[in-house]
S.K.: 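Dropping the structure in here first, questions after.
Nothing fancy with the numbering, it's 1 onward along the sequence. A quick note: this is a predicted structure, and the numbers were derived from the prediction, not measured. All heavy atoms count here, side chains included; hydrogens, waters and symmetry mates do not.
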Amino acid sequence: MKKAKKEARASARKILLGLDAAEREEKSQKAALSFLESSIYKDAECLAAFLSMPEEIDTFPVIKKAAFDKKEILLPRIIPSTNKMDFYALNAGGLFDLKSLYSQTELNSWNIREPLKSLKLIPKNEFPKKTALLIPGLAFCKDGRRLGRGKGFYDRFLAELFAENDLFRLEGKICAYCYSNQIVESLPVEENDILASAICSDQGFFFCEK
């Protein structure tokens, strides 16, 4: 399993790095349009998103629209010296450009933007039940399985969120957000991983096959 995951991650990274800036922007805009038209987004009172790494699909168009729609916006912050993370709430008023987003975030040691620690921490048991939670990954299957980068941040967070928040477990939605060429037929993943409810890419939005 370990070797298979290593090989799958290497293949997925090669695909991500093969996209140029123009392709990333075009695909990111298409994915955003699809997600914003989805029932998951329209029904959500809160958007829990991730801030993209340079090679990942860009989540800012979705974050910007959620601010305009006055939805609560949560972003993850890694807990130092652990493989865990917490989510913090942004001050969404006026969050309509990258400058305003950057004013509420900072770069961590992996050069990934995170919300400032001075923002409001949202404990797992206080996640709004109608939250659309976007998750990143290197690759996804149509049944919602996900291959992460190997640190287990999201697998651990989702397991704890489901254990501590019955309302989110019943009504919250987890949506994989990625490029269409990150969607594959099979992945070497663990049986007990929490699956995504839906997948959104530049080729559209769909609910996962169970």
Side-chain angles (χ1 to χ4, degrees), residues 1-44 47-66 75-76 85 110 112 131-159 161-162 169 172-210:
M1 175 67 77
K2 192 172 183 179
K3 182 181 178 182
K5 283 187 174 182
K6 184 177 180 180
E7 291 174 351
R9 288 189 178 104
S11 177
R13 287 190 179 99
K14 186 176 180 180
I15 289 171
L16 284 175
L17 293 172
L19 296 173
D20 62 31
E23 288 176 305
R24 293 182 204 283
E25 182 176 358
E26 180 184 2
K27 288 176 179 288
S28 295
Q29 291 294 336
K30 286 181 178 179
L33 289 173
S34 293
F35 180 70
L36 294 171
E37 287 298 316
S38 73
S39 59
I40 283 184
Y41 177 78
K42 290 181 178 180
D43 293 344
L47 174 72
F50 61 94
L51 290 179
S52 311
M53 298 175 70
E55 71 274 15
E56 287 180 323
I57 194 163
D58 186 8
T59 58
F60 183 66
V62 172
I63 293 171
K64 179 178 177 180
K65 183 62 164 60
L75 295 176
M85 62 187 187
W110 286 284
I112 302 170
T131 295
L133 174 54
L134 294 183
I135 56 171
L138 288 174
F140 298 90
C141 289
K142 290 181 180 180
D143 64 1
R145 285 177 292 163
R146 167 185 172 273
L147 180 69
R149 293 178 179 269
K151 296 293 185 180
F153 287 107
Y154 275 88
D155 292 330
R156 194 170 291 106
F157 179 84
L158 291 173
L161 178 62
F162 271 45
R169 179 169 51 81
K173 296 293 186 290
I174 300 169
C175 182
Y177 200 66
C178 61
Y179 298 117
S180 56
N181 50 1
Q182 291 178 266
I183 303 171
V184 298
E185 290 299 318
S186 63
L187 284 172
V189 295
E190 305 298 333
E191 291 283 335
N192 58 352
D193 285 350
I194 292 174
L195 305 181
S197 311
I199 297 178
C200 187
S201 76
D202 49 281
Q203 289 191 356
F205 171 95
F206 62 87
F207 283 98
C208 293
E209 304 166 355
K210 300 300 182 185

S.K.: Find out whether Ile40 and Phe35 are in side-chain contact, i.e. whether some heavy atom of one side chain is under 4.5 Å from a heavy atom of the other.
M.R.: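 Ile40 reaches Phe35 side chain to side chain.
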S.K.: Would you say that Arg146 contacts Ile135 through its side chain, given a criterion of any heavy-atom pair below 4.5 Å between the two side chains?
M.R.: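 Answer yes - side chains close enough.
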S.K.: Taking all non-hydrogen atoms of both residues into account, name the closest pair between Pro61 and Gln29 and its distance.
M.R.: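 Where Pro61 meets Gln29 most closely, the heavy atoms are CG-NE2, 3.9 Å.
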S.K.: Say you draw a straight line from CG of Leu147 to CD of Gln182; how long is it, rounded to the nearest 0.5 Å?
M.R.: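 The distance works out to 10.0 Å.
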S.K.: I'd like to check Ile174 versus Leu134 (side-chain heavy atoms, cut-off strictly below 4.5 Å). Are they in contact?
M.R.: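 In short, these two side chains do not touch, never coming nearer than 4.5 Å.
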S.K.: Nearest 0.5 Å please: distance from the CZ atom of Arg156 over to the CG atom of Leu161.
M.R.: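 Taking CZ in Arg156 and CG in Leu161, the distance rounds to 14.5 Å.
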S.K.: From Phe205 CZ over to Tyr41 OH, what is the distance, rounded to the nearest 0.5 angstrom?
M.R.: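 One gets 13.5 Å once the value is rounded to the nearest 0.5 Å.
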S.K.: Could you report the tightest heavy-atom contact between Ile57 and Ser28, atom names first, then the distance?
M.R.: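 Heavy atoms only, the tightest pair is CG1-OG, 3.5 Å.
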S.K.: Let's go through Cys175 and Leu133 carefully: what are the C-alpha distance in whole Å and the side-chain angles of both, what is the deciding distance for side-chain contact (heavy atoms from CB on, under 4.5 Å) to 0.1 Å, and is it a yes or a no?
M.R.: CA-CA 6 Å; Cys175 182; Leu133 174 54; over 6 Å; no
S.K.: Does any N or O in the side chain of Glu23 come within less than 3.5 Å of the main-chain N or O of Asp20, such that one atom is a donor and the other an acceptor?
M.R.: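 Checked: pair present.
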S.K.: Would a distance-only check, ignoring hydrogens and angles, find a side-chain to backbone donor-acceptor pair under 3.5 Å from Tyr177 to Ala49?
M.R.: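 Pair absent, no side-chain N/O of Tyr177 close to backbone of Ala49.
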S.K.: Measure the acute angle between the ring planes of Phe153 and Trp110, then classify it against the limits of 30° and 60° as parallel, tilted or perpendicular.
M.R.: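 Ring orientation of Phe153 relative to Trp110: perpendicular.
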S.K.: Which residue is it: Arg24, Arg149, Arg13, Lys27? I am looking for the one with a salt bridge (charged side-chain N to carboxylate O under 4.0 Å, His left out) to Glu56.
M.R.: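 Going through the options one by one, the only one that passes is Arg149.
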S.K.: Return the minimal non-hydrogen interatomic distance between Thr59 and Leu51, and the atom names on each side.
M.R.: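 Here Thr59 and Leu51 meet closest at OG1-CA, 4.0 Å.
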S.K.: Taking CD in Glu25 as the centre, count heavy atoms belonging to other residues, nucleotides or ligands within less than 6.0 Å. Is the count above 12?
M.R.: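 No, not enclosed.
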S.K.: What's the separation between atom CE in Met53 and atom CD1 in Ile112, rounded to the nearest 0.5 Å?
M.R.: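 Result: 4.5 Å between the selected atoms.
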S.K.: Any side-chain heavy atom of Ile194 within less than 4.5 Å of one from Phe157?
M.R.: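 No; the side chains remain at least 4.5 Å from each other.
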S.K.: Once you round to the nearest 0.5 Å, how far does NZ of Lys142 lie from CD of Glu185?
M.R.: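 One gets 6.0 Å once the value is rounded to the nearest 0.5 Å.
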S.K.: More than 12 heavy atoms of other residues, nucleotides or ligands under 6.0 Å from NZ of Lys30: is that the case?
M.R.: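 No - once you tally the heavy atoms of other residues, nucleotides and ligands closer than 6.0 Å, there are 12 at most.
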S.K.: Say you draw a straight line from CG of Leu195 to CG of Asp193; how long is it, rounded to the nearest 0.5 Å?
M.R.: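 Leu195 CG to Asp193 CG: 7.5 Å, rounded to 0.5 Å.
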S.K.: Shortest non-hydrogen contact from Gly204 to Ser34?
M.R.: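 That would be CA-OG, 3.5 Å.
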S.K.: Would you name the heavy atoms of Tyr179 and Ser201 that are closest together and state the gap between them?
M.R.: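 In terms of heavy atoms, the two residues are closest at C-CB, 3.8 Å.
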S.K.: What pair of heavy atoms forms the shortest contact from Leu138 to Gly148, and how long is it?
M.R.: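 For Leu138 versus Gly148, the nearest heavy atoms are CD1-O, 3.5 Å.
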